[in-house]
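Below: the structure, in structure tokens.
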Amino acid sequence: MQPPETAPSSPQELLDRSYQIAGVTLGELAAMAQLAIPANLQRHKGWPGMLIEKWLGATAGSKPQQDFPELGVELKTIPIDQQFNPLETTYVCYAPLLSKPGITWQTSNVRNKLQQVLWVPLEGDRSIPLADRRVATAFFWQPNEQEDAILQRDWEELTEMIVLGDVEKITARLGQALHIRPKAASGNVLTDAMNADGERIRTRPRGFYLRTSFTGAVLHRHFG
DNA sequence: ACATGATCATCC
DNA sequence: GGATGATCATGT
């Protein structure tokens with residue numbers, strides 16, 4: 001078995017590819033792809049995601065928007081424990097701190113990214129050596145009406161705070177399903193934002209993340 | 001610096 | 001133990 005060299009031409013082909021690697025360990029996938037396995041993830045935090053991208057035929061690199069633009073599909077690996085509970089929150093996208101006019105939930109990057117997600121759960125318990133962790137069965141997910149409403153409410157609450165110049169009041173405690181946290185290589189990275197008086201300020205870049213309670217519910221809706 | 005891929009590590 | 005805030009690698 002080898003990684004594909006082309007992008008999948010249909011959602012079904014993408015799903016088929018994910019089934020091909022279900023149950024396989026990350027060590028086996030790395031070996032077949034002739035990739036080195038890091039000793040741990042401390043300095044290779046994105047490694048599992050990159051490995052799965054390669055095996056499903058996502059275009060490499062750090063391009064904006066979805067992983068499979070032609071399919072309208074976003075790929076997300078998610079580390080899980082033995083009960084299929086997520087072990088980490090899920091990064092969605094950067095949070096724009098300089099609001100663009102006319103942006104709504106319907107046109108937001110968050111909604112665009114989450115419109116159609118291929119979830120690929122991976123064994124993530126730190127007690128399992130990285131190479132021994134197995135890929136679980138992937139599945140497509142589209143937010144249902146209720147999930148979309150929750151995400152919309154959170155997004156609107158947080159976006160309103162940014163628009164009102166209250167970005168510094170935002171904490172990760174806000175938001176039922178979606179929240180905002182720093183997202184940067186280090187604490188000294190700064191970007192532009194506005195304060196409540198409309199003045200330019202410098203602040204840490206932020207990202208939108210899905211809480212584990214939300215992704216956990218999504219997983220359990222599919223795996224019971 | 002921004003954006004991708006995320007997990008780490010500390011605090012509660 | 002779990003969530004929050006911080007951080008790591010890489011490419012554009």
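Lettering follows sequence order; numbering is per chain, from 1.
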- d(CG, A:Asn188; P, C:dC8) in whole Å: 10 Å

- Item | Approximate separation, where rounding is to 0.5 Å, of A:Thr77 OG1 and A:Trp47 CH2 | 11.0 Å

- Item | Pairs meeting criterion side chain to side chain donor-acceptor pair (under 3.5 Å) with involvement of residues 12-23 of chain A, two or more places apart | A:Ser9-A:Glu13, A:Gln12-A:Asp16, A:Glu13-A:Arg17

- Message: It should be established whether A:Tyr91 places a side-chain nitrogen or oxygen under 4.0 Å from OP1 or OP2 of nucleotide B:dT4.
- Response: yes

- Give the rounded distance in Å between these two atoms: CD of A:Gln83 and P of C:dG1. 14 Å

- Any side-chain heavy atom of A:Val218 within less than 4.5 Å of one from A:Val117? no

- Distance in angstrom units between A:Glu53 CD and B:dG5 P, rounded: 6 Å

- Message: It should be established whether A:Thr191 places a side-chain nitrogen or oxygen under 4.0 Å from OP1 or OP2 of nucleotide B:dC2.
- Response: yes

- Is A:Leu87 touching bases, backbone alone, or none of the nucleic acid, heavy atoms closer than 4.0 Å? nothing

- Item | Listed once per pair and sorted, the side chain to side chain donor-acceptor pair (under 3.5 Å) pairs that draw on residues 124-134 of chain A, sequence neighbours left out | A:Glu123-A:Arg134

- Query: For the atom pair CG (A:Leu178) and CD (A:Glu156), what is the distance rounded to the nearest 0.5 Å?
  - Reply: 11.5 Å

- Message: Short of 4.0 Å, heavy atom to strand atom, which residues of residues 71-81 of chain A count as contacting DNA chain B?
- Response: A:Glu74, A:Lys76, A:Thr77, A:Pro79

- Go through the steps for A:Val110 and A:Leu151 under the test side chain to side chain contact (heavy atoms under 4.5 Å, CB included), then give the verdict. CA-CA 9 Å; A:Val110 172; A:Leu151 293 168; 5.7 Å; no

- Whole Å only: how far is the CG atom of A:Asn85 from the P atom of C:dG2? 9 Å

- Value rounded to 0.5 Å, distance of CG in A:Leu219 from CD in A:Gln83: 12.5 Å

- Message: Suppose clustering is done on Ile, Leu, Val, Met, Phe, Trp and Tyr with side-chain heavy atoms closer than 4.5 Å. Which residues sit in the same group as A:Tyr209?
- Response: A:Tyr91, A:Tyr94

- Query: When you check the gap from the basic side-chain N to the acidic O, do A:Glu88 and A:Lys45 get nearer than 4.0 Å?
  - Reply: no

- What are the residues of residues 102-121 of chain A, sorted by number, that bring a heavy atom to within less than 4.0 Å of DNA chain B? A:Lys113

- Item | Euclidean distance, atom CG of residue A:Leu190 to atom P of C:dT7 [Å, nearest integer] | 12 Å

- Message: For the CG atom of A:Leu118 and the CG atom of A:Leu56, what is their distance to the nearest 0.5 Å?
- Response: 6.5 Å

- Which sits closer to the 5' end of DNA chain C, A:Gly187 or A:Glu88, going by the nucleotide each is nearest to? A:Glu88

- Identified ring-ring contact (aromatic ring centres under 6.0 Å, His included) partner of A:His222 from the options A:Trp141, A:Trp119, A:Phe140, A:Phe139: A:Phe139

- Any Lys/Arg nitrogen of A:Asp148 or A:Arg111 sitting under 4.0 Å from an Asp/Glu carboxylate oxygen of the other? yes

- Query: Does any pair with a residue in residues 66-85 of chain A pass ring-ring contact (aromatic ring centres under 6.0 Å, His included), and if so which ones, sequence neighbours excluded?
  - Reply: A:Phe84-A:Phe223

Using nucleotides 10-12 of chain B, report all nitrogen or oxygen pairs with the protein that are shorter than 3.5 Å.
none

- Over how many whole Å does the gap from A:Leu26 atom CG to B:dT7 atom P extend? 11 Å

- Note on the structure: A:Ile52 CD1 to B:dA6 P, in whole Å, measures 9 Å

- Query: Would you say the side chain of A:Lys183 and the base of C:dG5 hold a donor-acceptor pair, judged only by whether the two atoms sit under 3.5 Å apart?
  - Reply: no

- Quick one: which residue pairs count as a side chain to side chain donor-acceptor pair (under 3.5 Å) with a foot in residues 186-195 of chain A, not counting sequence neighbours? A:Ser186-A:Asn188, A:Asp192-A:Arg200, A:Asp192-A:Arg202, A:Asn195-A:Glu199

- Query: Using a heavy-atom distance cut-off of less than 4.0 Å, which residues of residues 199-224 of chain A contact DNA chain B?
  - Reply: A:Tyr209

- Check the distance between C:dG5's P and A:Ile170's CD1 and give it to me in whole angstrom. 11 Å

- Item | Any A:Pro79 side-chain heavy atom under 4.5 Å of A:Leu122 side chain | no

- Query: How sharply is the helix from B:dA1-C:dT12 to B:dC12-C:dG1 bent, taking the axes over five pairs at either end and rounding to 10 degrees?
  - Reply: 30°

- Flag if over 12 foreign heavy atoms under 6.0 Å of CD, A:Glu160: no

- Got a sec? Which of residues 28-48 of chain A come in under 4.0 Å of DNA chain C, heavy atoms? A:Gln42, A:Arg43, A:Lys45

- How far does CD1 of A:Ile52 sit from CG of A:Leu29, to the nearest 0.5 angstrom? 5.5 Å

- Item | Apart from A:Met194 itself, residues in the same hydrophobic cluster as defined by side-chain heavy atoms under 4.5 Å | A:Leu98

- Task: Report, as yes or no, whether the 6.0 Å neighbourhood of atom CD on A:Gln106 holds more than 12 heavy atoms from other residues, nucleotides or ligands.
- Result: yes

- Query: Would you say a side-chain N or O of A:Thr171 is under 4.0 Å from OP1 or OP2 of C:dG5?
  - Reply: yes

